[in-house]
Amino acid sequence: MSRIHPLHLFPSHIAERGLLYFQQGKVRDVQKTSARRYRAEVCGSENYSVWLKLDSDLYIKDGGCDCPYGWACKHMAALWYAVRAQTPDGQPDESDAQQPKKGGNPYRQQLSRIFSRTRYYDYYEAADLGFRLQNWLEDVAQEGAAAAQQALPLLIPRLQDAFEKADDSDGMLGDAMYMAIDLLEEAVMENVPKRLINFLDKCLDDSRYFDFSEAGNKIYQIRARIWRLRGEWQAWQDYVAKHLAVTKSGWEHEFWALEGWQVLQAKGDTAAAQDYFRRHLRLPKFRQIAVEQTVGQQDWAEAERLLREGINIAEDEGTLGTAHKWKLQLFDVLKETDKNVREIAADLAFSTSLSLPHYEAWKATFSAAEWPHEFNRLLARLSGQYSLQAEILEHEQEFDRLLALLQQHLSLYMMERFAPSFPEPYHDRIVALYLKIFAAEINKASNRKQYRQLLNQLKILRRQYSAQRQAMEDFADEIREQYSEKPRRPALLEELDRAGF
């Protein structure tokens with residue numbers, strides 16, 4: 001038979017059971033009976049004899065088990081996990097693996113065996129490769145910083161190549177990359193070898209590390225740490241300036257602008273850092289830092305100025321999310337100073353959906369005598385925004401007006417959203433509205449699936465409004481009578497019976 005990748009052979013639930021059996025120590029007496037052929041006893045509900053024939057990459061070429069399940073069972077999976085655990089780097093044993101050449105880099109040869117192919121990695125192959133690399137990285141980590149400095153520059157470029165031509169839906173290759181870079185960061189010390197610095201610089205000049213993952217930013221942070229430790233301020237500034245020049249807007253521009261400021265701070269050039277900061281206050285991250293500083297100092301006037309200016313900039317640039325964030329903070333600042341929050345509270349209360357805290361803050365700016373008139377003006381202003389009107393009426397418990405609004409704009413969505421808030425005296429009218437909607441929806445329905453969905457909703461309604469059960473039974477009888485004659489709908493009648501009406 002042809003070679004089969006284990007993760008292709010075993011369904012996921014079988015592989016999981018096999019792994020559990022292996023972890024529980026149920027694989028006994030693993031023996032290598034011939035070249036790349038293994039046999040063991042696996043303890044399940046009974047003891048079963050299992051064998052596998054593998055190739056040099058641990059792909060399954062043949063196998064069997066005497067359990068009732070037959071081919072590709074959990075006992076075969078358990079043996080495969082046991083063999084893999086005994087053979088580092090995915091090799092059947094040391095005698096089968098290619099021996100390192102004297103004087104060669106052992107990590108290079110280990111990786112050559114792990115990356116045994118250069119074509120596209122499908123989902124299962126990518127997951128297996130990621131798993132093997134993570135195990136390899138754990139071994140490298142145990143060998144210390146010097147080993148990591150030697151091994152990781154060999155791994156990371158190959159892993160990046162594999163990442164670009166793999167289905168990494170499971171995230172195993174991405175996890176291996178993050179693990180490698182975290183290990184690289186731990187290995188960076190003041191006496192970093194020149195070859196490692198050259199490797200980092202080469203990665204930073206390769207846009208793939210930035211385009212395909214967050215690896216580029218992590219590698220940059222490692223390199224920035226070395227610049228900082230060595231006091232190489234000009235090299236650090238030049239690198240940041242180069243990126244800032246090619247990113248004119250967006251989050252990348254903001255990121256590199258912030259890095260430029262941090263370089264000056266780390267350098268200790270306070271005057272230059274302050275000037276740089278002021279020149280970049282149009283960027284939200286800089287303004288947020290400034291606002292937090294003034295709030296911390298309780299300089300409410302300056303905080304208000306910064307926030308109002310930020311709102312104007314954000315609205316001019318069309319970044320409404322940023323403008324909303326500044327308005328939320330401005331509301332809090334104005335409350336600290338006991339200033340009138342009517343305008344900003346109204347803006348926040350009704351911007352998209354109803355924000356109850358800001359609605360209540362806005363309402364509190366009116367006297368009891370002023371409120372009824374202002375409330376009616378509000379509903380008039382929101383004419384056409386039926387859902388927002390309904391939220392406000394629900395909050396104010398204006399049930400007569402809310403019921404009238406639901407009658408004007410009949411829909412299952414509006415009923416399901418707002419009907420539960422009505423007290424018991426309104427239930428007869430609520431159910432009557434529901435039945436009116438159901439009648440229209442049943443008339444529009446054209447297949448069994450739609451009938452079933454509508455009648456299931458009617459069953460739920462019958463449970464929710466048990467006191468109105470008879471009205472729903474009468475409705476079902478009317479539907480049955482209506483569609484028993486031309487135009488007949490046999491599927492609808494069958495679904496009525498199935499739903500218990």
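What you are looking at is a predicted structure, and each value in this text was computed from that prediction instead of being measured. Every heavy atom of this structure was used, including side-chain atoms; hydrogens, water molecules and symmetry mates were not.
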Specify whether Y276 and H280 have parallel, tilted or perpendicular ring planes, treating 30° as the upper limit for parallel and 60° as the lower limit for perpendicular.
parallel

Is it the case that the side chain of D168 and the backbone of M172 share a donor-acceptor pair, with hydrogens and angles ignored and the cut-off at 3.5 Å?
yes

Taking only residues at least two apart or on different chains, which pairs with a member in residues 241-255 satisfy side chain to side chain donor-acceptor pair (under 3.5 Å)?
Y239-H243

So, the side chain of R287 versus the backbone of L306: is there a donor-acceptor pair under 3.5 Å, distance only?
yes

What are the two closest non-hydrogen atoms of C203 and Y209, and how far apart are they?
O-CD1, 3.4 Å

Which atoms form the tightest heavy-atom contact between G18 and Y81, and what is the distance?
C-CD1, 4.0 Å

Using atom types as modelled and distance alone, determine if a side-chain donor or acceptor of W326 lies under 3.5 Å from a backbone N or O of N312.
no

Hits for salt bridge (Lys or Arg N to Asp or Glu O under 4.0 Å) against D161, two or more places apart or cross-chain, chain-then-number order -> R208

Qualifying residues under ring pair (Phe, Tyr, Trp, His ring centres under 6.0 Å), relative to F277, sequence neighbours excluded
W261, F286

Verify, without hydrogens or angle tests, whether Q149 (side chain) and L196 (backbone) share a donor-acceptor contact under 3.5 angstrom.
no

Working to the nearest 0.5 Å, report the span between CG of L307 and CZ of R305.
10.0 Å

Given the rule in the side chain to side chain contact (heavy atoms under 4.5 Å, CB included) test, do K285 and F255 qualify, once you have shown the distances and angles that lead to the verdict?
CA-CA 9 Å; K285 285 188 181 296; F255 172 83; over 6 Å; no

Treating Q221 as the side-chain partner and K218 as the backbone partner, does any N or O pair qualify as donor plus acceptor under 3.5 Å?
no

Least distance between heavy atoms, A235 atom then W227 atom
CB-NE1, 3.6 Å

Check each of E304, Q288, E292 against Q329 using the side chain to side chain donor-acceptor pair (under 3.5 Å) test, and report the only one that passes.
Q288

Pair E164-Q160, side-chain donor/acceptor within less than 3.5 Å
yes

Sorted by chain and residue number, the side chain to side chain contact (heavy atoms under 4.5 Å, CB included) partners of S353 (sequence neighbours excluded) come out as E391

Under 3.5 Å: donor-acceptor pair, side chain of N456, backbone of R452
yes

Search all heavy atoms of A361 against all heavy atoms of V341 and return the closest pair with its distance.
O-CG2, 4.4 Å

Shortest non-hydrogen contact from E125 to D122?
N-OD1, 2.8 Å

Any donor-acceptor pair under 3.5 Å linking the side chain of D66 with the backbone of S49?
yes

My understanding is that only residues two or more places apart in sequence, or in another chain, count here; which of them pass salt bridge (Lys or Arg N to Asp or Glu O under 4.0 Å) with K327?
E315, D347

Output all residues satisfying side-chain hydrogen bond (donor to acceptor under 3.5 Å, both in side chains) with H395, sequence neighbours left out; order by chain, then residue number.
E360

Does V188 offer a backbone N or O that forms a donor-acceptor pair with the side chain of R225 under 3.5 Å?
yes

What are the two closest non-hydrogen atoms of A126 and D167, and how far apart are they?
CB-O, 3.4 Å

